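Quick caveat, the model's predicted, so the values are computed rather than measured. Counting convention: from 1, in listed order, for ligands and their atoms alike.
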Amino acid sequence: MFKKILIANRGEIACRVMATAKKLGIKTVAVYSDADARAKHVAMADEAFRIGPAPVSESYLKADKIIEACKLSGAEAVHPGYGFLSENPDFVDALDRAGIAFIGPSASSIRAMGLKDAAKALMEKAGVPVVPGYHGENQDADFLKEQADRIGYPVLIKARAGGGGKGMRRVDDPKDFADALKGAQREGEASFGDGRVLIEKYLTKPRHIEIQVFGDSHGNAVHLFERDCSLQRRHQKVIEEAPAPGMPVEMRRAMGEAAVTAAKAIDYSGAGTIEFIADVSEGLRPDRFYFMEMNTRLQVEHPVTELITGEDLVEWQLRVASGETLPKRQEDLSFNGWAFEARLYAEDAPKGFLPAIGTLEHLALPEDSARVDSGVRSGDEITPYYDPMIAKVIVHGPTRQAALGKLLASLEATEVAGCVTNAGFLAALCRHEGFAAGDVDTGLIDRDLTQLIEEPSIPVDAIALAALTALGLTRPASGNDPFDTLAGWRIWSASRQYALLEIAGERRDVEVHALGHQRFAVQLEEGSREYALVKVEGGAITYDCDGHRARAVVVEDRKGLTVFLGGHAFPVALPDTLSADEEAGGAGDQLIAPMPGLVKVLNAKAGEAVTKDQPLVILEAMKMEHTLKAPRDGVIGEVLVAEGEQVTDGTVLLALAEEADAAA
Ligand code: ADP
Ligand code: ADP
Ligand code: MG
């Protein structure tokens, strides 16, 4: 076994790998960019090396810097995590030349599976069923169109080098084919430097079911059962589970065998995933699953497999890479219970899942009820440079229902302030009836999106507690000042106080009367209610109202307050009178970049009339395109940026003319 390894990654996966290394008594070396100098993965490692500035192309993708860090530290092997260099065969070759082991498959296995078209051809030859379509050499546009016509619509055009759901276009109507082809080629070229495509029959009721495989350098290969990753948005996984709901035993066997055949066909060593798509228009059937692609690395969702099998997949990776045989044979592997993983992201689901950035001013992850794999701590920043994942929340239960209940409870106990998250969306998914019944397919999220991103309106208790906090009435007693314990009930303080709050863009004036020790009457639009604070501990407030005892957490950050109540987070802004007046005049008159990015498309000229929600700017940030729309009807006054310009967040992109000017 290795004595010291280097982890060529960051965030949760770097921390995850180090946890197992520590367990096995292996020393760990981290690498970091300037943006990560104080990151959790650096703090966790025994030693760490700076490899460059924040952008990944200048740091985490710099193979030579990483190899240099191995030499300086004496690390014998590199764990690549996922993403970055994990599926780069040239990196594996370079390590090989330097005499450093790669904790992953051989360069030739990675090459064999690296391109979707070649991988499909290879699997077809090995007798593994593949999605019907065209995956040949000819890239002539007319020829590809003929192939699509032959396959029959809808079809899916895929960039052969694609990954992460990018470079794909669904085509329903033959007349849209040419444009879609150009789009897929453009995205493939831009993101992966390869514009070549393949065409597949688009399955209209598919489930994404993948098999975890493992091989060693002694010719053995096993599978560790399936994961269902059908809950997706824009072809990206949102919640994963294992086993797959409703999976017939004979289908599991057939898929497991096909996956092991695939692994053996390329002499696979290490952890890999064979992704299949199942046509479930007639339910799950052993003759209706097709090879989609192989990911030659550890998968983001590997923990669900760990929880049902009781195996540590990173430990398996380390053992196999150091030359040991697989820890278990196929017949010794089994699974029990059910596991789910939810990906907690800094993103704004109601705003089209716009990635968010910000400081995690308050972060309480559900470590008591779930396994939480995270690379950030309270006070850390989500930057625009990397994937905005905050944590993976992973649970296990004896049954699917029990595990899903645990996942919901864990998400409801998750508190993040300073940055919007998809926690509410994930919790809504857990409450979704179809999902709860195991009736999943890749279209579920899109079909019920409106319901899933609906934000609950703020409860009166949350408004009241926000008002009390804003007025400084919920501060715990210091114990020194006798008057402290009488917060809000000082003889010289006004018995009547007013808090000015802004909730969902609306002003709320809240009147508070101190009634006695930790007792207040709060006058709301909904009427007057009496609150007694039973216990205040940091931001956690236990209170009585109308004979009902409840608990909420109120956190203050730079932007205002966040109230966590009943499993939901409610942001409350605290406008001061001055900025309030300014804003009232200017609201909705500007289009502001919500994050740093590149102005990809600018569809606006000064003097042009626009209607509310008309798309004006496409901003590319974090490798995704975000459409920014007109905030209201009006006329464009001024355009302040140009296409191709890099902007920081908060940059005013354009301004609408004032109503009076526009009329003139
Ligand atoms: P999977 O679930 O199949 O492992 P994902 O859909 O999570 O893959 O990610 C798609 C691609 O983006 C993969 O190539 C993965 O390695 C990469 N990726 C995902 N998350 C991160 C991350 N936090 N950092 C770097 N790369 C990532
Ligand atoms: P990536 O490399 O981006 O992960 P995949 O080929 O694995 O690309 O496909 C990603 C997702 O796109 C799948 O999980 C599935 O939801 C959807 N998808 C892929 N191929 C098809 C298809 N032929 N029909 C319907 N959906 C598909
Ligand atoms: Mg995939």
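- Residue contact check: V131 has heavy atoms under 4.0 Å from atoms 23 (N) of ligand 2.
- Within the 6.0 Å centre-distance limit, the rings of Y134 and F143 are counted as a close aromatic pair.
- N295 contributes no side-chain N or O that, together with a main-chain N or O of L298, makes up a donor-acceptor pair within less than 3.5 Å.
- Close approach of ligand 2 to G165 is summarised as follows: ligand atoms under 4.0 Å from at least one heavy atom of the residue are 1 (P), 3 (O).
- K237 does not count as a contact of ligand 2, since none of its heavy atoms falls under 4.0 Å from the ligand.
- Taking F435 as the reference, F340 meet the ring-ring contact (aromatic ring centres under 6.0 Å, His included) condition, with sequence neighbours excluded.
- Interface atoms of ligand 2 facing G162, defined by a heavy-atom separation under 4.0 Å, are 2 (O).
- Considering backbone and side-chain atoms alike, M168 places every N or O at 3.5 Å or more from each N or O of ligand 2.
- Of all atoms in ligand 2, listed by their number and element, those nearer than 4.0 Å to a heavy atom of Q232 are 11 (C), 13 (C), 14 (O), 15 (C), 16 (O).
- Between E275 and E210, the closest heavy-atom pair is OE2-OE1, 3.4 Å.
- With L224 as the partner, the side chain to side chain contact (heavy atoms under 4.5 Å, CB included) test is satisfied by one option alone out of V213, T305, I211: T305.
- Each of the atoms 13 (C), 14 (O) of ligand 2 lies under 4.0 Å from some heavy atom of H208.
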Throw together a table of side-chain donor-acceptor distances under 3.5 angstrom for residues 443-451, partners on residues two or more places apart or in other chains.
residue, atom, partner, partner atom, Å
R447, NH1, D441, OD1, 3.3
R447, NH2, D441, OD2, 2.7
D448, OD2, H432, NE2, 2.7

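- Close approach of ligand 2 to T442 (heavy-atom distance below 4.0 Å) involves ligand atoms 16 (O).
- Looking at M292 next to ligand 2, no N or O pair under 3.5 Å apart turns up.
- The Mg ion (ligand 3) is the vertex of the angle joining OE2 of E293 and OE1 of E275, which measures 90° to the nearest 10°.
- With atom 20 (N) of ligand 2 as the reference point, the heavy atom nearest to it among K158, K205, E293 is part of K158.
- Checked for salt-bridge contact, E306 and R16 meet the test: a charged N lies under 4.0 Å from a carboxylate O.
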_Evaluate M123 against M294 for side chain to side chain contact (heavy atoms under 4.5 Å, CB included), listing each step before the verdict._
CA-CA 10 Å; M123 289 299 104; M294 178 170 189; over 6 Å; no
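- Within the set K120, K201, K116, H235, the minimum heavy-atom distance to atom 8 (O) of ligand 2 is found for K116.
- For ligand 2, the atoms sitting less than 4.0 Å from at least one non-hydrogen atom of L156 are 18 (N), 19 (C), 20 (N), 21 (C), 22 (C), 27 (C), numbered in the order shown with element in parentheses.
- Tested against T273, the residues H223, R227, E293 include a single side chain to side chain donor-acceptor pair (under 3.5 Å) partner, R227.
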